[in-house]
Structure formats: structure tokens, C-alpha cells
S.K.: 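Quick one: this structure, given as C-alpha cells, is what I'll be asking you about.
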Amino acid sequence: MSKIFVYAEVADGSVADCSLELVGRARELAGQHGFSVGALLVGYGVRGLTDELIQRGADEVHVVDDVALSSYNILLHARAVAEVVKAEAPDILLFPASTTGRELAPRVAVRLGTGITADCTAVEIGDYVDPATGRKYEKLLYQIRPTFGGTVMAMIVTPRHRPQIATVRPGVYPIPPRDGKRSGRVREWSVDLSGKDAECVEVLEVKKEKRKVDLKSARIIVSGGRGAGPEGFKLIRQLAEALGGEVGASRAAVDAGWISYDHQVGLTGQTVKPDVYIAVGISGAIQHIVGMKDSKIIIAINKDPEAPIFRVADYGIVGDLFVVLPKLTERLRRR
Amino acid sequence: MGLNIVVLVKPVPDPKEPPKFKPDGTLDRLAMKLVMNPYDKYAVEAALQLREALGGTIVGVSMAPQHAVDALREALAMGVDEFLLLSDKRLAGSDTLATSYALSMALRKLWSRLGRVDLILCGMESSDSNTAHIGPQVAGWLELPSVSYVDKVLEVGEGYVKVKKLIEGGFVVLKVKLPAVLTIAGTSYVPRIPTLRDVLLARRKKVTVWSVDDAGIDPSKVGVLNSPTRVIRMWAAEIKRKGKIIAEADPDKLVDLFLEELKKDGITLR
Ligand SMILES: Cc1cc2nc3c(=O)[nH]c(=O)nc-3n(C[C@H](O)[C@H](O)[C@H](O)COP(=O)(O)OP(=O)(O)OC[C@H]3O[C@@H](n4cnc5c(N)ncnc54)[C@H](O)[C@@H]3O)c2cc1C
Ligand SMILES: Nc1ncnc2c1ncn2[C@@H]1O[C@H](COP(=O)(O)O)[C@@H](O)[C@H]1O
């Protein structure tokens, strides 16, 4: 049977949500089109995670558990993944489009000499007839993704090369529930990871913050960006308070130290879906947009009329936040 | 001693203008003006700051049609020393695997000419393809380590760099052996804006053009027909937002207009 493989990213000792989402999607596609689902678990001390992958939908888990993989080294991780994939020859290989997946997957594609599509927002299965040769390919992976900064959508296939590799954006598919009754096969691999690659990358420090503020249940979020500055954040807090909402932020504002990471919205922060999202002094980088684009109503305040944030806004206010916010807050308080 | 830095710069259709399509639904790339990929400005800025601190040279490398030269002048005006433009009809339509292969072959040849390359810097992604593939793939072909989404180069030592990389929930600091490929995120470096003098000087800087044969590229591995992936359909993304943009110089009126719009649409903010 043809196989769909999913790369199981490990974060803080468990399988990352974005990989569980892909196991769920692979299971769905497998059920509809007759594939089996394999998970690739690569790291050190990761054997304990196989049950979870099986219960979420994997039929088999391929494990490379090696002390050389105890910290993330792109060269060794790519080698481990590529060796198992060469031997198992899956048809399709999915990675999460995380900061790891987006550098690891293209490197694996080079090792395997195959094609790869980045940051898909949907993956489907379908047929394709090559218009030049008339040859028909069955059950290809339809890789659907935004390009041109999100203004154009493209559908891409990899007809002749295997595996068909894609990275899939976190948060587009739901995490499947655990099913304790599922069973599956675990296969251990040993891959030769010796040689100079081990010394090429050394992790000196990991700085990750635990999240204390949950923005997911907030009905209204007022977020500030680099345009706000520490003073602007005072105004943002006042508006949030007047509206009974929470405060959010772009990564630039968090990295500048004006607000804690807890409040960051976006690819490497939280994904939020409030009724109203107000972006203040935020330019609208795609890494921010992916975290808030499903808000019911989006309002943007920015002094640059060309800021990309206006392209995803329901209401755009072109103006200086230091002038607009106090007036807006005052008007809303009065109501 | 100094650093020999190569910066990969992609000429892209001006992201400020909406993409143009041909009647058959494919992109009309020739009708779109080419500029330097905005994300690559951060990589160029990083290279310039490293050169200022440690000395050395910066060579820009692009794979693009000949008329992309104007876009490269932007990078030259920022301070890149010279450019290598890989340009050949046979490269047209290459996907990321084929493009990274072609660039890696050009880099190999450039490498032997320069004697040594310490760092290859890329933008974090291009504004037209947004794949973020080329950096890690070029590193793959050249069997070098790579780090994507570098916020900042913290230190350059004897044979290594320390870099701060963005990750989910924070940062990681990595020590990476040189030569290495880094892709630079648009977070910490602020690209400089060239002066008129810089722009004029850039006109005199050297741009070398290489064909597929000059770079030693195997033509059977590049171009649209030899690329593993194939775009089978493209369409304008549907934006389901109201897109009511309110611009008004008088701030009181501005807020009034905004609140009126909300009222018209039956939206209350509390
Ligand atoms: C791997 C990776 C992950 C990332 N993850 C995230 C993430 O999770 N979340 C995130 O937000 N970003 C993330 N980023 C960063 C992202 O690419 C952008 O750099 C960031 O979102 C920019 O923040 P900003 O919009 O606040 O700043 P800028 O892009 O600098 O924009 C500031 C805006 O403020 C406006 N402005 C300035 N002054 C005023 C004023 N007085 N009044 C009104 N407007 C004003 C300007 O016109 C400008 O549009 C990530 C990047 C990478 C590479
Ligand atoms: N044709 C090209 N020529 C030179 N550099 C490129 C080219 N395509 C991509 N790059 C580099 O790779 C980065 C990522 O591009 P992409 O993979 O297209 O998102 C860009 O920011 C450039 O630094």
C-alpha cells in the first residue's frame, strides 16, 4: 500500500501540535484514498512518544533514537530523516511549516532529489494529466498554497518524483482526538550519524517562555507593534480596558521588551480568533497575519496607507496612533 | 583577514503592484517591474555590518533574467561590492530544487575564484515565491550547515559564528561552523537607504553575467521541464474582508467617520 509519512516534530518532550494536526490530516486522506500513515520520530529519548502518534492516527512509527540527535542539528536530523525515507519509500512526506520544518524539509528534499512545496494551507489527493505527454498520474498530492505574500493562490503537484514533499502551515487542520483502541507498529532504525557533521552545529542556549496569558478566549484584542513604542502601549492598554478586551502584540514589540511574550500573536506566538482584533502600529507581516486572520472583524490603525495590514482589514484607519487612539478611547468610553 | 561574504539576492516583481496574469491564468512576469526582494535588504544589511566590523568583500549572486540588472543596482547602491548574475533562457521556470542546484553550481565556481567563502547570506524568503527554501537547499547541495530565520549574528570567531535564531516561543543561540549559510529574518537589521552618491557609484560597479555553461550547470537538471514540481493552477486569493479604508487629515473627523462606518454595519465594540 502507498504510504503518507508525517515528520513528528518534538517540542519540550512531546509531539508538537502542528505535527499532530498533520497526522490527523494524513489519516483522513488515507481513509479516503487507501494509503497507510507513517510517522517519523527523530531525536533522543523520544521512544515514549510512539503511543501518542499511533492513537492520533499513525499506522506505524519509525523511530531514530540516538544521542547524537539530543539537540537539534539540521545536518544530522536531515540525514536521519532521509535515510529512513529512502528505505521506506513513502509516496508523500509532510512536515509542519514550523521554524524547524521550513529549514529541515527543503534540505531533506535535496538529499532525496525530489520536489517540495512550502507552507501549504491545504493538501488534497487528486489525479493529474500531463498536458504535454497525455500521461495520467493518479492520486497525486495537490499542494495548495498562497504566494505573492498571500495575494495569489497556487496548486502544485510533483508528478514524477518521490516522495512528494510539502510543509503545511500550523493551525489549518484540527488536532485529531486520541483513540486508545488504535494499535500500530513501531520500527526502530539505526542510522550512521558519525563524521564531521556532528561538530558543525552546537546549541548554546534555548530561551523559551511559558505562556501565562491565554488570548484564545478573548472577545476583543487590541494589539500593538513596533510603531507603538512603550508610550503607545499605554494608549493601547487604555483602549483595551475601555473595551473590556485583552492586549496583544507583534513579535517586534515583544522582542523590544515593551510587553511579555505571553501577548505575542502570530506564527511563533498565539493564534487568536476574537470577535474584534485591533492592530495598532503593526505592518502586517505574514507571520503576524497567520495568527489573527480568522478574527471576525479586523481593524487596523497605521500611519502608512500602504501597510499590508490594510489588505486584511475590514476597517482601516490611516493615521498616527498617538493622535487617533486617545480620541477613539475617549469616544468609546463616553458611550 | 576579513570575511568573504556572498549574498543571494532575488529580483522579484514589485510587491507594491498587484500581480498581473496572462489570459491563460499564468503569471505575466514580463509585464511586472523587477525590484530587489525586500527581505533580501536585511541580508545585505547584515553583510554590510559584518564587513564594517571585520573587513572583507561582499559579492551578490542572483539567478534572474537579464533585465533584472536594475534590481541588482539597488543592492550595489547599499554597498555590495560586485554582482554575479546567472542568466540563461534554459533556467526559466526552475522550481526551488532546480534553482538551488543552479545557484550552488555558480557558487562552487565563484568559490574557487575567490579562494575562500566564509558566509552565504540569504533573505528569509522571497516576496513572490515565499518558500524560504533556497537558503537551506543551497546549503544542502554544498553540504554546509545552515540556519534559517537568523535574528542577529552575535559573534564571528575563528572558524565559527554565533547566531540568534527565531523559534516558536522565543530564541535559540547556535554556534555554527564556517562556512555556513544563514537566512536573515527582517527583525533586527534595519536596511540602510542609499544616498544619491551611492546610487551613482553603483552604476560603475561590476556585474558579471554567467550562462548555464559558464557556471558548469547540467542543463538537464534545470528549467521548467526538469523541475520536479509543477504549478497546475493559479488564481487570485479571495479576500473576504470589507476593506473600508478611512483616510482623513482631521483626527476628530477620522474617528467620527470610522465610528459611523461601524454603526452603518451594525457593529458595536463593547
Ligand atoms: C520565523 C519567524 C517567526 C515570526 N513570528 C512572528 C509572530 O509570531 N508574530 C509577529 O507579529 N511577528 C513574527 N515575526 C516577525 C515578522 O516577520 C515581523 O518582523 C513583525 O511582525 C513586525 O512587527 P511590526 O508590524 O510590529 O513592526 P514593523 O513591521 O516595523 O511595523 C511597524 C508599523 O507601525 C507603523 N507605525 C509607525 N509609527 C506609527 C504611528 N505613530 N502611528 C501609526 N502607525 C505607526 C508603521 O507604518 C509600520 O507599518 C516572525 C518572523 C520570523 C522570521
Ligand atoms: N533566483 C534567485 N537568485 C538569487 N537568490 C535567490 C533566488 N531565489 C531565492 N534566492 C534567495 O533565497 C531566499 C529565499 O527565497 P525563496 O526560497 O524564493 O523564498 C531569498 O531571500 C534570496 O536570498
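All chains are named by letter (A, B, ...) in the order of the sequence lines, taking the proteins before the strands, and each is independently numbered beginning at 1. Only heavy atoms go into these numbers, but all of them, side chains included; no hydrogens, no water, no symmetry mates.
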S.K.: What pairs of donor and acceptor atoms, side-chain ones from residues 35-43 of chain B against any protein atom, are under 3.5 angstrom apart with sequence neighbours left out?
M.R.:
unit_1 : atom_1 : unit_2 : atom_2 : d
B/N37  : OD1    : B/Y39  : N      : 3.4
B/N37  : OD1    : B/S127 : N      : 3.0
B/N37  : ND2    : B/D40  : OD1    : 2.9
B/N37  : ND2    : B/D40  : OD2    : 3.3
B/N37  : ND2    : B/E125 : O      : 2.9
B/D40  : OD1    : B/G123 : N      : 3.3
B/D40  : OD2    : B/K10  : N      : 2.7

S.K.: Select, from A/A300, A/A16, A/S295, A/A11, the one with the greatest count of heavy-atom pairs under 4.5 Å involving chain B.
M.R.: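 Heavy-atom pair counts peak at A/S295.
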S.K.: Which heavy atom in A/L267 sits nearest to a heavy atom in B/E168, and how many Å separate them?
M.R.: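 Closest pair (atom of A/L267, atom of B/E168, distance): O-CG, 4.4 Å.
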S.K.: Is it the case that A/R251 and A/T268 place a side-chain donor and acceptor less than 3.5 Å from each other?
M.R.: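 Judged by distance alone, the side chains do pair up.
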S.K.: Listed by chain and number, what are the side chain to side chain donor-acceptor pair (under 3.5 Å) partners of B/S188, not counting sequence neighbours?
M.R.: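 Testing B/S188 for side chain to side chain donor-acceptor pair (under 3.5 Å), a comparison that skips the adjacent residues, returns B/D151.
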S.K.: Would you please go through residues 225-232 of chain B and name the residues with a non-hydrogen atom below 4.5 Å from one of chain A, in numerical order?
M.R.: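 Residues of residues 225-232 of chain B touching chain A at under 4.5 Å: B/L225, B/P228, B/T229, B/R230, B/V231, B/I232.
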S.K.: Assess whether atom NZ of B/K33 is packed by more than 12 heavy atoms of other residues, nucleotides or ligands within 6.0 Å.
M.R.: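 No, NZ of B/K33 has 12 or fewer neighbouring heavy atoms, counting only those of other groups under 6.0 Å.
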S.K.: Could you check whether the rings of A/Y315 and B/F258 sit parallel, tilted or perpendicular, using 30° and 60° as the cut-offs?
M.R.: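 Answer is perpendicular, since the angle exceeds 60°.
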S.K.: Quick one: what part of A/P305 sits under 4.5 Å from any heavy atom of chain B, side chain, backbone, both or neither?
M.R.: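 Neither part, no heavy atoms under 4.5 Å.
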S.K.: Is it the side chain or the backbone of A/I220 that comes within 4.5 Å of chain B heavy atoms, both, or neither?
M.R.: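 Side chain only.
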S.K.: Need one label for A/L75: side chain, backbone, both or neither, based on atoms under 4.5 Å from any heavy atom in chain B.
M.R.: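 Just its side chain gets close to chain B.
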S.K.: Between B/S126, B/A236, B/G243, which has the largest tally of heavy atom pairs under 4.5 Å with chain A?
M.R.: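 Highest number of pairs under 4.5 Å: B/G243.
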S.K.: What is the distance from atom CG of B/D265 to atom CG of A/D314, rounded to the nearest 0.5 Å?
M.R.: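 One finds 8.5 Å between CG of B/D265 and CG of A/D314.
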S.K.: Identify which part of A/E199 has an atom lying under 4.5 Å from any heavy atom of chain B, answering side chain, backbone, both or neither.
M.R.: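 Both parts, heavy atoms under 4.5 Å.
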S.K.: Is it the backbone or the side chain of A/R102 that comes under 4.5 Å from a heavy atom of chain B, or both, or neither?
M.R.: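 When you check distances to chain B, atoms from both the backbone and side chain of A/R102 fall under 4.5 Å.
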S.K.: Check whether A/A252 gets within reach of chain B through its side chain, its backbone, both or neither, counting any heavy atom under 4.5 Å.
M.R.: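 For A/A252, no heavy atom lies under 4.5 Å from chain B.
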S.K.: Under a 4.5 Å heavy-atom cut-off, does chain A meet the side chain of B/K164, its backbone, both or neither?
M.R.: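 Neither; nothing under 4.5 Å.
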S.K.: Can you confirm whether A/P170 sits close enough to A/D17 that some side-chain heavy atom of one is under 4.5 Å from a side-chain heavy atom of the other?
M.R.: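 Contact flag for A/P170/A/D17 side chains = no.
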S.K.: More than 12 non-hydrogen atoms from neighbouring residues, nucleotides or ligands closer than 6.0 Å to CD on B/E143, yes or no?
M.R.: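 Atom CD in B/E143 is not packed in, count stays at 12 or less.
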S.K.: Measure B/K221 against the heavy atoms of chain A and call it side chain, backbone, both or neither at under 4.5 Å.
M.R.: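 Interface part for B/K221: neither.
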S.K.: Below 4.5 Å from any heavy atom of chain A, which atoms of B/L97 appear? Answer side chain, backbone, both or neither.
M.R.: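 Just its side chain gets close to chain A.
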S.K.: Please classify the contact of B/L166 with chain A as side chain, backbone, both or neither, using a heavy-atom distance under 4.5 Å.
M.R.: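 Both backbone and side chain.
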S.K.: Measure A/L104 against the heavy atoms of chain B and call it side chain, backbone, both or neither at under 4.5 Å.
M.R.: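 The answer is neither part of A/L104.
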S.K.: Can you find a side-chain donor-acceptor pair between B/Q137 and B/T96 that sits under 3.5 Å?
M.R.: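 Yes, side-chain donor-acceptor contact under 3.5 Å.
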S.K.: Heavy-atom distance under 4.5 Å to chain B: side chain of A/V276, backbone, both or neither?
M.R.: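 Side chain only.
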S.K.: Pick one of side chain, backbone, both or neither for A/I297, based on which atoms fall under 4.5 Å of a heavy atom in chain B.
M.R.: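 When you check distances to chain B, atoms from both the backbone and side chain of A/I297 fall under 4.5 Å.
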S.K.: Using the test side chain to side chain donor-acceptor pair (under 3.5 Å), find all partners of A/R79 that sit at least two apart in sequence or belong to another chain.
M.R.: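 Once residues adjacent in sequence are excluded, the partners of A/R79 under the side chain to side chain donor-acceptor pair (under 3.5 Å) criterion are A/D197.
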